[in-house]
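Notes follow the structure.
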Protein chains: 2
Amino acid sequence: MNEEMASKIPRRRGRPPKGEAPDTRSRILDAALDLFARDGFAGASIRKIASEVGITESAIYAHFESKRKIYETLMSEAGPPLVLGVLESGVDLADPETFLRELARRVFEAWDEPRMRLFASVLMRESGAGSVSGGANLVGLIEEARRRLAEEVFGPWMAVGLVRDDFSPEHLVWEFFHPLAYIRLLYLHGQATEEERRAGLRLAEEHLDFFLSCALRDPEPQTSTSEQ
Amino acid sequence: MNEEMASKIPRRRGRPPKGEAPDTRSRILDAALDLFARDGFAGASIRKIASEVGITESAIYAHFESKRKIYETLMSEAGPPLVLGVLESGVDLADPETFLRELARRVFEAWDEPRMRLFASVLMRESGAGSVSGGANLVGLIEEARRRLAEEVFGPWMAVGLVRDDFSPEHLVWEFFHPLAYIRLLYLHGQATEEERRAGLRLAEEHLDFFLSCALRDPEPQTSTSEQ
DNA sequence: ATTATCTATAGATCTATAGATAATGC
DNA sequence: ATTATCTATAGATCTATAGATAATGC
């Protein structure tokens with residue numbers, strides 16, 4: 001529980017000297033992320049967050065106007081870019097197998113970071129319909145990634161016969177990507193043990209093999225339009 | 001919010017006459033399930049549960065000794081049997097395609113029930129590691145189903161060449177079943193709209209087609225051991 | 001003057017218990 | 001006598017604000 005309940009010695013009254021308690025704002029965000037992941041939005045209290053940081057509750061209100069604002073700030077700072085930015089960073093699109101393996105590798109590299117695992121917990125807890133609005137909607141985030149992968153990656157591949165064409169590009173993306181998202185939620189969450197994480201990564205690799213063996217096609221013998 | 005905030009007229013003091021407020025205990029459980037699904041364990045209060053049922057908070061304590069006990073009671077009443085009982089009810093194992101389609105149909109029939117959708121929300125919210133212990137562990141429940149399907153269904157099929165054998169039975173089960181579980185959590189939760197539910201069911205069907213087209217094999221031309 | 005902290009506190013809400021009361025079932 | 005409810009209340013905890021105080025940066 002209170003692993004590092006922060007210095008018991010109460011601070012003296014006014015604004016602390018420069019170097020003493022650096023970047024309280026981000027320490028509040030870190031503590032909040034931790035507690036939201038463990039206890040959910042409703043279960044985490046300003047009081048616990050403050051005590052984790054080592055300041056009083058009222059000090060928090062100098063940085064954020066409410067608990068919900070803390071939540072929204074967190075969520076807006078770790079939204080889509082982290083999922084899709086990976087895609088943008090220019091992996092070679094020519095060979096599906098290489099591309100998908102590299103994409104999965106990068107996505108999992110990001111998702112396996114401690115901070116991202118905390119986000120996975122929060123997403124899992126709070127992304128249902130009745131939840132804290134403001135930012136994180138799990139289905140929404142994933143739909144976005146799915147749409148782009150379908151349009152920009154699987155669609156073109158299908159057009160040149162690199163992947164099977166008896167399912168839509170959208171569905172191929174789904175079969176590729178959603179199991180990975182599922183693994184993230186179940187195996188790469190905030191309190192996942194080393195063992196769970198390894199199990200998750202192993203599953204992901206095996207899924208990739210399975211998917212590739214199902215979806216790939218050898219490129220057709222170049223019935224190029226220029227020589228019909 | 002308070003769709004049916006229950007009769008505003010306060011009841012009179014003592015035990016109510018027989019037919020008047022029937023089966024309070026199960027009405028408490030229903031209200032609690034509803035609120036746990038919407039607000040999470042921490043976010044749902046005894047007070048709200050009581051007000052939903054139309055009794056005072058203290059009346060609840062005549063039925064359950066604590067909020068946690070209500071939660072545990074709920075979870076113990078809707079555990080594994082609902083997932084696996086479906087499997088037991090004797091669907092013909094001879095033809096994989098028929099069996100798997102029927103299994104999926106029954107599982108989704110159960111999961112699409114309003115009450116089961118509420119459970120999906122609660123599972124999603126509270127099954128992370130740091131959560132309310134007692135009963136529901138999502139990974140645990142699914143592992144159990146997976147193990148049995150692998151041993152009793154996919155294993156035998158693989159032995160007789162009905163499914164591909166370049167992946168373990170366990171992994172084939174995973175590729176078959178986990179996308180369905182994922183759909184349940186994301187599309188068949190407590191507050192899912194009609195539209196989300198339909199999208200989920202459509203995805204499930206398409207997944208089934210995809211999986212069958214990947215995993216099935218025509219039975220081998222009966223190289224039976226008796227005629228070698 | 002502004003900022004980041006503290007002390008003190010208001011007011012809401014929450015879980016749970018004690019004790020009164022009225023119907024039930026023996 | 002038991003059970004299911006109520007009224008009343010204790011005591012914890014929670015969010016948030018007011019106002020004092022001390023360092024910072026102009």
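Every heavy atom of this structure was used, including side-chain atoms; hydrogens, water molecules and symmetry mates were not. In what follows, chains carry the letters A, B, and so on, assigned in the order in which the sequence lines appear, proteins first and then strands, with residues in each chain numbered from 1.
Atoms CG (B:Asp23) and P (D:dT5) sit 10 Å apart, rounded to a whole Å. For the pair B:Ile28 CD1 and D:dT3 C1', the computed distance is 13 Å after rounding to whole Å. Atom OH in A:Tyr71 sits about 19 Å away from atom C1' in D:dC14, given to the nearest Å. Between the CD atom of B:Glu57 and the C1' atom of D:dT9 there is a distance of 12 Å, given to the nearest Å. What separates CZ of A:Phe64 from P of C:dT5 is a distance of 12 Å, to the nearest Å. Atom CZ in A:Arg27 sits roughly 14 Å away from atom P in C:dA4 (whole-Å rounding). Look at CZ on A:Arg47: it is 12 Å from P on D:dA16, rounded to the nearest Å. Separating the CD1 atom of B:Ile46 from the C1' atom of D:dA12 is a distance of 15 Å, rounded to the nearest angstrom.
Checking B:Ser66 against A:Ala62, the closest nucleotide of DNA chain C that is more toward the 5' end is the one next to A:Ala62. Closest-nucleotide positions on DNA chain C for B:Gly43 and B:Ser58 were compared, and the one nearer the 5' end corresponds to B:Gly43. Of the two residues near DNA chain D, A:Lys67 and B:Ala59, the one whose nearest nucleotide lies more 5' is B:Ala59.
Using a 4.0 Å heavy-atom cutoff across all strands shown, B:Ser45 reaches sugar-phosphate atoms only and no base atom. When heavy atoms are screened at a 4.0 angstrom cut-off, B:Ala44 is found touching the sugar-phosphate backbone but no base atom.
Between A:Leu186 and A:Met124 there is a side-chain heavy-atom pair separated by less than 4.5 Å.
Looking only at distances, a side-chain donor or acceptor of B:Arg117 sits under 3.5 Å from a matching main-chain atom of B:Asp112.
Contact annotation: A:His63 reaches the phosphate of C:dT5 (side-chain N/O to OP1 or OP2, under 4.0 Å). Between C:dT5 and A:Thr56, no contact under 4.0 Å exists linking OP1 or OP2 to a side-chain N or O.
By the 30° and 60° cut-offs, the orientation of the rings of B:His178 relative to A:Tyr182 is perpendicular.
Looking at B:Phe36, B:Phe119, B:Phe64 one by one, the single match for ring-ring contact (aromatic ring centres under 6.0 Å, His included) with B:Tyr71 turns out to be B:Phe36.
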- Evaluate the side chain to side chain contact (heavy atoms under 4.5 Å, CB included) criterion for residues A:Phe211 and B:Glu175: first the C-alpha distance (whole Å), next the side-chain angles of each, then the deciding distance (0.1 Å), finally the verdict. CA-CA 9 Å; A:Phe211 176 79; B:Glu175 292 286 345; 6.0 Å; no
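With a cut-off of 3.5 Å on both pairing distances, the Watson-Crick or G-U wobble partner of D:dA22 is C:dT3. Nucleotide C:dA8 has D:dT17 as its partner under the Watson-Crick or G-U criteria, with both atom distances under 3.5 Å.
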